[in-house]
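Accompanying notes for the structure given below.
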Amino acid sequence: MERAAKRWKKPLQGYLKIITDAAFYDESKQGATSCVMRDHSGAFYATQAKWYDKGFDACSMEALACKDSLIFASQLGVQNVAVETDCLQLVQLWNKRDSQRSIIDSTLKEIAELSLAFQSFTLSFVSRICNKVAHSLAKEVSASHRSETWHVTPTCMYDQIVFEASAE
């Protein structure tokens, strides 16, 4: 297993990097997913966050974040995606999806099916340091504010996005 990146890195030319994250509240079994899409120059492309009234655990929410990001990318007509998550368990289960059974197996199958819509798709693990923006955005939705999509840089995340893009 490759070591997780310790800082945000730009994707290759022609790719969109999609950083996903999830928030899970164990007491209520509720949570949220988010994704941030950025191009090869590090520029903001689009982002979304979604609230879920029911979730099983943190890993299942992270898997839903990945699935949601692929649906969103497909709707935007994106062709080449590099998806990153800070959930090592999700990436390990993804890499062994043909030889394991887990609570997220059905979601992994959905991710595999959705990935076929892209010319290129990768899923990899990154340190939480690399997905601060997605982590923060997952907290922007709630039971009363269920979904949010941004096609311009969210004001609350502008400084972090610019800092990460310039840090490389």
>> Applying side-chain contact (heavy atoms from CB on, under 4.5 Å) to Lys67 and Leu70, what does each step give before you reach the verdict?
In response: CA-CA 5 Å; Lys67 181 183 101 171; Leu70 293 179; 6.0 Å; no
> What's the shortest heavy-atom distance between Cys35 and Ile18, and which atoms?
Replying inline: CB-CG2, 3.8 Å
>> To the nearest 0.5 Å, what is the distance between CG on Leu114 and SG on Cys66?
In response: 8.5 Å
> Taking all atoms of both residues into account, what is the closest heavy-atom pair of Ala63 and Ile111, and its distance?
Replying inline: O-CD1, 3.6 Å
> For residues Ser34 and Asp21, is any side-chain donor paired with an opposing acceptor at under 3.5 Å?
Replying inline: no
> Out of curiosity, does Phe118 fall in the hydrophobic cluster containing Trp94 (side-chain heavy atoms, cut-off under 4.5 Å, transitive links)?
Replying inline: yes
> With a 4.5 Å limit on heavy-atom distance, are the side chains of Leu90 and Ile104 in contact?
Replying inline: yes
> Are the side chains of Phe56 and Met61 in touch, meaning some heavy atoms are under 4.5 Å apart?
Replying inline: no
> In terms of side-chain heavy atoms, does Asp57 have a donor or acceptor partner in Ser60 at a distance below 3.5 Å?
Replying inline: yes
>> I'd like to check Tyr52 versus Asp68 (side-chain heavy atoms, cut-off strictly below 4.5 Å). Are they in contact?
In response: yes
> How long is the gap from CD on Gln92 to OG on Ser102, to the nearest 0.5 Å?
Replying inline: 11.5 Å
> Take atom CD in Gln79; do more than 12 heavy atoms of anything else shown fall under 6.0 Å from it?
Replying inline: yes
> Would you say the side-chain atoms of Ser74 pair up with the backbone N or O of Ile71, donor to acceptor, closer than 3.5 Å?
Replying inline: no
> What is the minimum heavy-atom distance between Val81 and Ala73, and which atoms define it?
Replying inline: CG1-CB, 4.3 Å
>> Heavy-atom count check: over 12 atoms from other residues, nucleotides or ligands less than 6.0 Å from Glu110 CD?
In response: yes
>> Quick check on salt bridge (Lys or Arg N to Asp or Glu O under 4.0 Å): which of Arg38, Lys10, Lys17 does Glu84 satisfy it with?
In response: Lys17
> When rounded to the nearest 0.5 angstrom, what is the spacing between NZ in Lys54 and CD in Gln30?
Replying inline: 10.0 Å
>> Quick check on the hydrophobic clustering: are Leu12 and Phe125 connected, directly or via other members, by side-chain heavy-atom contacts under 4.5 Å?
In response: no
> Does the ring center of Trp51 lie less than 6.0 Å from the ring center of Phe24?
Replying inline: no
>> Determine whether Tyr15 and Ser120 satisfy the following criterion, side-chain hydrogen bond (donor to acceptor under 3.5 Å, both in side chains), listing intermediate values before the conclusion.
In response: CA-CA 9 Å; Tyr15 280 74; Ser120 180; 2.9 Å; yes
> Do Leu16 and Asn80 come within less than 4.5 Å of each other through their side chains, counting heavy atoms only?
Replying inline: no
>> Just so I know, are the side chains of Asp86 and Ile19 near enough to count as touching, which here means a heavy-atom distance under 4.5 Å?
In response: no
> What heavy-atom pair brings Tyr45 and Val78 nearest, and what distance separates the two atoms?
Replying inline: CE2-CG2, 4.1 Å
> Are Leu93 and Cys59 side-chain neighbours, meaning at least one heavy-atom pair lies under 4.5 Å?
Replying inline: yes
> Taking atom CE of Met37 and atom OG1 of Thr20, what is their separation to the nearest 0.5 Å?
Replying inline: 10.5 Å
>> How close do Val83 and Phe121 get, counting heavy atoms only, and between which atoms?
In response: CG2-CE1, 3.7 Å
